[in-house]
Amino acid sequence: MKKLKMISSERALSIIKSPIMTEKSTTLNQFNQYSFFVSKNSNALEIKQAIENIFKVKVTKVNTLIHRGKLKSFKGSLGYKKDQKKAIVTLSEGNTIDSSLEIK
């Protein structure tokens, strides 16, 4: 069995970019799930450790997805928006994240 390597607080802050505040993500808060934009080179285990380190909560599950950038036209030339990685984090019962907190 592999030994878990703890991440530093600087790495934790670089993994979690910002919370997602949309209507869909706020309805997930009822089920103790929170959404974040995360760095593309992070994995679910690092995201779990970063959330636990920053917000001092217990994470039970992490789901990740990569949101592909849309095709956009600007002054006649085509281009793509950036790809973004999202993480939906499920917290254990009784733990919450204050939505007014900002990550700096």
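- Closest approach of Asp83 and Gly69 over heavy atoms only: OD1-N, 2.8 Å.
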Are Thr96 and Leu91 close enough, and set up right, to give a side chain to side chain contact (heavy atoms under 4.5 Å, CB included), and what steps lead you there? CA-CA 7 Å; Thr96 57; Leu91 302 181; 5.5 Å; no
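- Using a distance-only test at 3.5 Å, with no hydrogens or angles considered, no donor-acceptor pair links the side chain of Asn32 to the main chain of Thr90.
- Clustering ILVMFWY residues whenever any of their side-chain heavy atoms sit less than 4.5 angstrom apart, transitively, puts Leu78 in a cluster other than the one holding Phe74.
- Once rounded to the nearest 0.5 Å, the distance linking CD1 of Ile97 with OH of Tyr34 reads 6.0 Å.
- Of all non-hydrogen atoms in Val38 and Ala87, the two that sit nearest each other are CG1-CB, 3.9 Å.
- Of all heavy-atom pairs between Glu46 and Asn41, the closest is OE1-O, 4.0 Å.
- For the pair Ile16/Ile51, a side-chain contact is recorded, criterion being any heavy-atom separation below 4.5 Å from C-beta on.
- Atom-to-atom distance recorded for Gln33:CD and Ile88:CD1 is 6.5 Å, nearest 0.5 angstrom.
- Phe31 and Ile20 sit in two unconnected hydrophobic clusters of ILVMFWY residues. Membership requires side-chain heavy atoms under 4.5 Å apart, directly or through other members.
- For the atom pair Lys85 NZ and Leu65 CG, the distance stands at 9.5 Å (nearest 0.5 Å).
- Separation of atoms CD1 (Ile15) and NZ (Lys48) is listed at 14.0 Å; rounding is to 0.5 Å.
- For the atom pair CZ of Arg68 and CD of Gln84, the computed distance is 12.0 Å after rounding to the nearest 0.5 Å.
- The structure places CG of Asn53 at 9.5 Å from CD of Glu10, a figure rounded to the nearest 0.5 Å.
- The hydrophobic cluster containing Ile47 also contains Leu13, counting ILVMFWY residues as joined when their side-chain heavy atoms lie under 4.5 angstrom apart, directly or transitively.
- Shown here are the side-chain contact (heavy atoms from CB on, under 4.5 Å) partners of Ser77, two or more places apart in sequence or in another chain: there are none.
- With Ser25 contributing its side chain and Ser35 its backbone, the two residues share no donor-acceptor pair below 3.5 Å.
- Between the side chain of Glu52 and the main chain of Val59, a donor-acceptor pair closer than 3.5 Å is present.
- Side-chain contact check for Lys86 versus Phe36: every heavy-atom pair is 4.5 Å or farther apart.
- Val57 and Val62 fall within the same hydrophobic cluster, where Ile, Leu, Val, Met, Phe, Trp and Tyr residues are linked whenever their side-chain heavy atoms come under 4.5 Å apart, directly or through other members.
- Ser14 is linked by a side-chain contact (heavy atoms from CB on, under 4.5 Å) to Arg11, counting only residues two or more places apart in sequence or in another chain.
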